[in-house]
Amino acid sequence: MDISLEIVYVGFFVVLLTWVLLDIMGRRRDDSSSTRRADRGSEVFAWVTICSNALISIFYLGFGVYEYWGGGRIVSCKSIFSGMTWILATVVTLYAMNRTHSEQNRWPRVLVIWWIFDCSFYVLYACLYLITHFISIDLPHILPKANIVDFASFPLSILLCFNAFSYAAQKNNDLKQPLLEKEDEAPPENTDTYSNAGIWSKATFQWLNPLFRRGRIQKLELPHIPYVPPSERAKNASSVLDESLGKHNMKDSSLSKAIMRAIGKSLAINAVFAGVNTASSYVGPFLITNFVNYLLEKHDNSSIHHGLILAFTFFIANTLESLSQRQWYFGAQVFLALAILYRNLGAAPSAAALLSTILIMVCNTPLAKRQKRLHSKIMEEKDSRIKVTSEILKNIRVLKLHSWEPTFLKKLLQHRETERNWLKRYLYTGSAVVFLFWASPTLVSVTTFGVCIILNTPLTIGTVLSTLATFRILGEPIYNFPELISMITQTKVSIDRIQEFVKEDQMKLIPCHDSEVSNVTVVLEPGEYAWKTSEQDLKTPTITITEEIKIMKGSKVAVCGSVGSGKSSLLLSILGEIPKISGAGAKVYGTKAYVSQSAWIQTGTIRDNVLFGKEMNRGCYEEVLEICALDQDVNTWADGDLTVVGERGITLSGGEKQRVQLARAVYSDSDVYIFDDPFSAVDAHTGTHLFKKCLLQHLSMKTVIYATHQLEFLEAADLVLVIKDGEIAESGKYEDLIANPNGELVRQMSAHKKSFDQVNTCQQDNRRPHQVNLVKVSEEKEAINNGKLSEKNHEEEAETGRVKWRVYSTFVTSAYRGALVPVILVCQVLFQGLQMGSNYWMAWGTEKEDRVSKERLMWVFALLSAGSSIFILGRAVFLATIALQTAQRLFLGMITSVFRAPISFFDSTPSSRILSRCSTDQSTVDTDIPYRLAGLVFALIQLISIIILMSQVAWQVFILCLGVLALSMWYQAYYITTARELARMVGIRKAPILHHFSESIAGAGTVRCFNQEDRFMKKTRDLVDDYSRIVFHNYATMEWLSVRTNFLFNLVYFILLIILVSLPRSAIDPSLAGLAATYGLNLNVLQAWVIWNTCNVENKMISVERILQFTKIPIEAPLVIEDSRPVPEWPMAGKIEIENLRVQYNPALPTVLKGITCTFPGGKKIGIVGRTGSGKSTLIQALFRIVEPSGGQILIDGVDISKIGLQDLRSRLSIIPQDPTLFQGTMRTNLDPLQQHSDQELWEVLNQCRLAEIVRQDQRLLDTPVAEDGENWSVGQRQLVCLARVLLKKRKILVLDEATASIDTATDILIQQTIRKETSGCTVITVAHRIPTVIENDLVLVLDEGRVSEYGSPARLLEDSSSAFSKLVAEFLRRSSMSKGQ
């Protein structure tokens, strides 16, 4: 009867297991689901049921342990089988509870039948016990006999039956629920499915099934991905960390301790799983001796009960290990390994194993330290490379204009070569670490078995196989210990670096005060401000305010001064952006708005930039666009104000960027406006329009503080502040200051009057009798036609479907055309064969005593082990060689293609996309993908070897493995469609975080001034959450697959053991069977490794796919065309002939230049004027072939520039672009990036540009540091450096594109004199908004809407007072006439 009961228990176990698998598969196919949860009473019943099942399981397991240790190490089959079935019943109950909460309120019938069956037998047990003990009747032997567990479980079993029927009765309540409830309570697409999942759903990752269903039928996008749990979102995580830091003084508290306090609960839960995993992983090695001994000792008629018990134990342990995988305890692993060794071999061999392990760790530790040091070097050099790359991408337009791409590419490749040298050392050191990892079990086993032979310790096949299994598991902590130490060290370094920012003093912003005196809006208290308080070596002037200045409500305050005097710094000190050294600081009453000198434009639409977080008021919005002269621009753009501007507003002209900034400030309707020279980037017409309509009329009741170089705008100010050398030299009304002949303002005005007189004289000499309608001119709007913005920028495009085999083949054959790949595969096959051979040799040699001598046993084992280790070393070295070569070839292909891309590519591609490929994707290729791909192949070879080995023992396993592999492949195919898109989104969603963060840092002053910190922080958190939800579900999907495939292979191993137990002794080879059982212990881990690497390889190969995308971008014309190279002296005359030139930025966009025909004579000075958007910059770009013409041609000294190489063209021309660009380095490297000139020549151009005295103030002279983007120099000083850079080249053709826009009038006059002197005989093309800058040119070209409006000498054009040029001059004179009159 006991045997029959055991069969029934096994039957119920199989039925319950089958039901779970079928239900899981059925639920995945079923797309319909609802989320109505059971009522509170039903939940109570459910939890009582779960607890009852769990208690009965514990009773049986505890009784089995008691039988084992107290009854001669024999456990009854009834205890084992009933215990296993009750454990599975508990699991099914948990699963069913989760299912009932989401679908229907009843337990599975198979579970109810089990409860009723078991309860019936408990009743039978009780009756039989009463009959035998109180009536004294001897019953037949076949009837079951009760034990103490049966009686203890009886009341719980009755409770189970009661709860089952009561809970099932709740299903009738479904009819009472409203039919619409399911629709009302259906979760949205992006709900947090993880938090709503039950215990069983979380354990088996069933909560991901809806995502897999969606991914199966359509391409996943961000809205389809559920949110991460609330506890893991950026807002909650940051608040928890802030709270943890807040409990202690932030400056004294350790960030690492704060993090530990914040995640302590999660760590504790992880520790529990780690303990379960560690204990489960050693059950196999612990019991393998018992199993092998059982196979050796059993006879054909012996019972299989003991073997079945061992098989069940192996299965449960492997399942627990699978569910808790990727957690481990280093100390516990070593301790358990030593305990098993001591049990098998005794004290001395165990001590030898421990010493060998310690020796390997000692050998590994310096390698790990070296790896850590090399990794730090790699990261440092990578940071340098990325910094250089970022600077190059930011200034790529300037590099192409000067034809400096080859030089800067060489500089970048030097950084990469240094990084590659460190990477080479790192990878080859890693090869040594890998060799130690794979060789460590061999070394430890040779040492341990050698000690056993010396001490004559008996070796049996069971102890040998158990020891070998233990050594293989012990290899993991040996390998991971140095990595653990290294990881802890690196984490500490990272945390310490972050803590520096956490401890950093927060900027004390100027608060918005409530004015006690209603007519005062700004108070400047006496004090000092400096950019850097610890080391005064930067060139930004210190601002000193010596006396209190009160600015009244509605006042207009003008700030003027020469280049570098401190105008911008004064404005920033009012905003609180400059650290205060002493004094009370500035007080601002009311809200503020700020327009910076260097325009800060966000990536996004024009509308978003203007609204800047405020609600849309259509009437006010339209008025602001008109006031800021943006209305006509918006009308010409295809998408209107929804046109997307590029990164840093790169697709806008300088004037357009300033007007967008101005519109943002005006729309904010603030109390105080601070403008930093916003009129310098626009022409005279537009400047007058903005000053009159915006500043004087619309903001008439507002307080406006504006810095300007246009001294004609000073008279309208209520207060003028004259800055000199970082101090307010003069302050007062314009009339009072101009009346002081010795004042600083008069000195500056003298230069302004000189330029005015120069223009006025020229006009009067050529004026016709009739007058110009100046009022009409001032009201005239710009004609803007810029086709660059008509095309919207789109989100980054990603490939779809599987990663193409072409990507894999390109990657594999990049290094030496794939020649080393077969060599590596042969090394792995030989390693696997020799390792399995050495283990079989030990098992075979110890199966029977005296089969081989102990000395021969050890020598052969040592030789086979040494051979396997040699092949592992060869495999590791060859793999490192391939990894290095492949990474370098991919990097060179990508970066070369990017450098050769046209400007249109950079206009439409945010630099963050390029940088993410150069950093994250390249790092993945450098150190990750080769090893993941190789690891996958190696694991497959190992897996196939084990399957072949198991099939040799039991051929049935081969058929079973084929079925399991087919099912695993189906699971993986089902998985990969979703996982692939998630992996692609990981790369795409990371770039916006970096882009938004860097963009926010660049505009931090503007963001703080507009009180938009919370909005920007919220967007940052949202972007982080978007990234987190992708990463979270990406890793979770891997676990979903691993759990299922692990269970399948655990089942294969379990069936193998059942077959081995069931086969007669004569049908099996104990040595081979024991070896198969030993290797099978790692089957689930190995299979999980295969699955994990398979998933990771395709996910990581997306990095290769993304890099290869950038090797196929369109490129510019060749740098050099050997058959069409101009003579070295070209151009000699500098004559430029433009014939019917037509330009459009895209075939689908309007034509920007519409048939321009004109000739610039050699050696002449040509001024190009026209309103913003008239095509001035486009003409210059066509001259440099930044944009290729769609029709017509440009000839320079008779040479068609479209027929020669770009380097030959651009290197023979010089240009100062509109935005002054400096590179991080020194003054020397900025003046002469190609290092072609002497120091004497450098000093000459510095003197010519009035920079020599400023540079000499630093004792480092030409090695004076220049910060990133030249931030430690004023905008005007940067323009002077760019001018000096061009004068140094001494080219025959020089282009000045708004070269002196940010320079005061006095300096501008001196610079124009220098240019005329130094470029005599050169063709100089000047694009300028300042009339005095172009009035003395030989010729003036007036452009209007992409056509030549007028072309001739200034004198001839001024003869016609109705000409466009005359109107521009008249506008300048009108603006300046009042200043002249003073």
Query raised in the report: Which heavy atom in Leu1056 sits nearest to a heavy atom in Ala1076, and how many Å separate them?
Result: CD2-O, 4.4 Å
Report summary line: For Phe1049, the ring-ring contact (aromatic ring centres under 6.0 Å, His included) test, sequence neighbours excluded, returns none
Query raised in the report: Which distance, rounded to the nearest 0.5 Å, do you find between the CG of Leu345 and the OG1 of Thr467?
Result: 4.0 Å
Report task. With sequence neighbours excluded, tell me which residues meet ring-ring contact (aromatic ring centres under 6.0 Å, His included) with Tyr1079. Result -> none
Report summary line: Here the gap from Thr448 atom OG1 to Leu341 atom CG, rounded to the nearest 0.5 Å, amounts to 6.5 Å
Report task. Could you go through the side chain to side chain contact (heavy atoms under 4.5 Å, CB included) check for Ile870 and Phe831 one step at a time? Result -> CA-CA 8 Å; Ile870 289 173; Phe831 157 74; over 6 Å; no
**Report entry** Listed partners of Ile948 passing side-chain contact (heavy atoms from CB on, under 4.5 Å), at least two apart
**Finding:** Ile944
**Report entry** Heavy atoms from other residues, nucleotides or ligands near OH of Tyr840 exceed 12 (cutoff 6.0 Å)
**Finding:** yes
**Report entry** Nearest heavy-atom neighbours spanning Val446 and Ala862
**Finding:** CG2-CA, 4.3 Å
**Report entry** Under 3.5 Å donor-acceptor, Ser466 side chain and Phe286 backbone
**Finding:** no
Query raised in the report: Residues in side-chain contact (heavy atoms from CB on, under 4.5 Å) with Ser923, at least two apart?
Result: Lys382
Report task. Kindly give the heavy-atom pair with the smallest separation between Val451 and Ala352, and that separation in Å. Result -> CG2-CB, 3.5 Å
Query - With sequence neighbours excluded, residues passing side-chain hydrogen bond (donor to acceptor under 3.5 Å, both in side chains) with Thr429 - result: Arg370
Query raised in the report: If you measure from CG on Leu359 to CG on Leu354, what distance do you get to the nearest 0.5 Å?
Result: 11.0 Å
Report task. Determine whether Ile882 and Pro930 make a side-chain contact, defined as any pair of heavy atoms from C-beta on separated by less than 4.5 Å. Result -> no
Report task. Apply the test side chain to side chain contact (heavy atoms under 4.5 Å, CB included) to residues Leu933 and Lys1100: give CA-CA distance (whole Å), side-chain angles for both, the deciding distance (0.1 Å), then the verdict. Result -> CA-CA 9 Å; Leu933 188 59; Lys1100 297 292 184 180; over 6 Å; no
Query raised in the report: How far apart are the C-alpha atoms of Asn1050 and Phe314, what are their side-chain angles, what is the distance that settles it, and do they pass the side chain to side chain contact (heavy atoms under 4.5 Å, CB included) test?
Result: CA-CA 9 Å; Asn1050 285 340; Phe314 279 120; over 6 Å; no
**Report entry** Spacing of CG belonging to Leu830 relative to CG belonging to Leu825, to within rounding of 0.5 Å
**Finding:** 11.0 Å
Query raised in the report: Mind checking what makes side-chain hydrogen bond (donor to acceptor under 3.5 Å, both in side chains) contact with Thr881, not counting sequence neighbours?
Result: Tyr428
Query raised in the report: Do side-chain atoms of Trp422 reach the backbone of His375 as a donor and acceptor pair under 3.5 angstrom?
Result: no
Requested in this report: State whether the number of non-hydrogen atoms from other residues, nucleotides or ligands found under 6.0 Å of Tyr931 atom OH is greater than 12.
Outcome: yes
Query raised in the report: Which residues satisfy the ring-ring contact (aromatic ring centres under 6.0 Å, His included) test with Phe1054, sequence neighbours excluded?
Result: Phe312, Phe315
Query raised in the report: Are any side-chain N or O atoms of Tyr1053 and backbone N or O atoms of Ala1077, one a donor and one an acceptor, separated by less than 3.5 Å?
Result: yes
Query raised in the report: Do the side chains of Leu1072 and Trp844 get nearer than 4.5 Å, heavy atoms only?
Result: no
Query - Sub-4.5 Å side-chain heavy-atom contact between Phe205 and Ser1042 - result: no
Query raised in the report: Does Ser431 reach the main-chain N or O of Ala876 with its side chain, forming a donor-acceptor pair under 3.5 Å?
Result: yes
Query raised in the report: Is there a side chain to side chain contact (heavy atoms under 4.5 Å, CB included) between Gln371 and Val433 once you walk through the steps?
Result: CA-CA 9 Å; Gln371 267 196 310; Val433 173; 3.8 Å; yes
Report summary line: Hits for side-chain hydrogen bond (donor to acceptor under 3.5 Å, both in side chains) against Thr442, two or more places apart or cross-chain, chain-then-number order -> none
Report task. Would you please name every residue forming a side-chain hydrogen bond (donor to acceptor under 3.5 Å, both in side chains) with Thr90, sequence neighbours left out? Result -> Ser57
Report task. Any chance you could measure Thr1078, atom OG1, to Ile288, atom CD1, to the nearest 0.5 Å? Result -> 4.0 Å
Query raised in the report: Which side-chain hydrogen bond (donor to acceptor under 3.5 Å, both in side chains) pairs, counting each pair once, include a residue from residues 940-949, with sequence neighbours left out?
Result: none
Query raised in the report: Between Phe449 and Leu857, is any pair of side-chain heavy atoms under 4.5 Å apart?
Result: no
Requested in this report: Not counting sequence neighbours, which residues clear side-chain contact (heavy atoms from CB on, under 4.5 Å) with Leu834? List them please.
Outcome: Leu864, Ser868, Phe871
**Report entry** Separation between CD1 of Ile872 and CD of Gln832, rounded to the nearest 0.5 Å
**Finding:** 8.5 Å
Report task. Give the minimum heavy-atom separation between Asp926 and Ala883, together with the two atoms involved. Result -> O-CB, 4.4 Å
Query raised in the report: Tell me, do Leu949 and Met836 make a side-chain contact under 4.5 Å, heavy atoms counted?
Result: yes
**Report entry** Those residues that, when tested against Ala432, pass side-chain contact (heavy atoms from CB on, under 4.5 Å) (two or more places apart)
**Finding:** Leu367
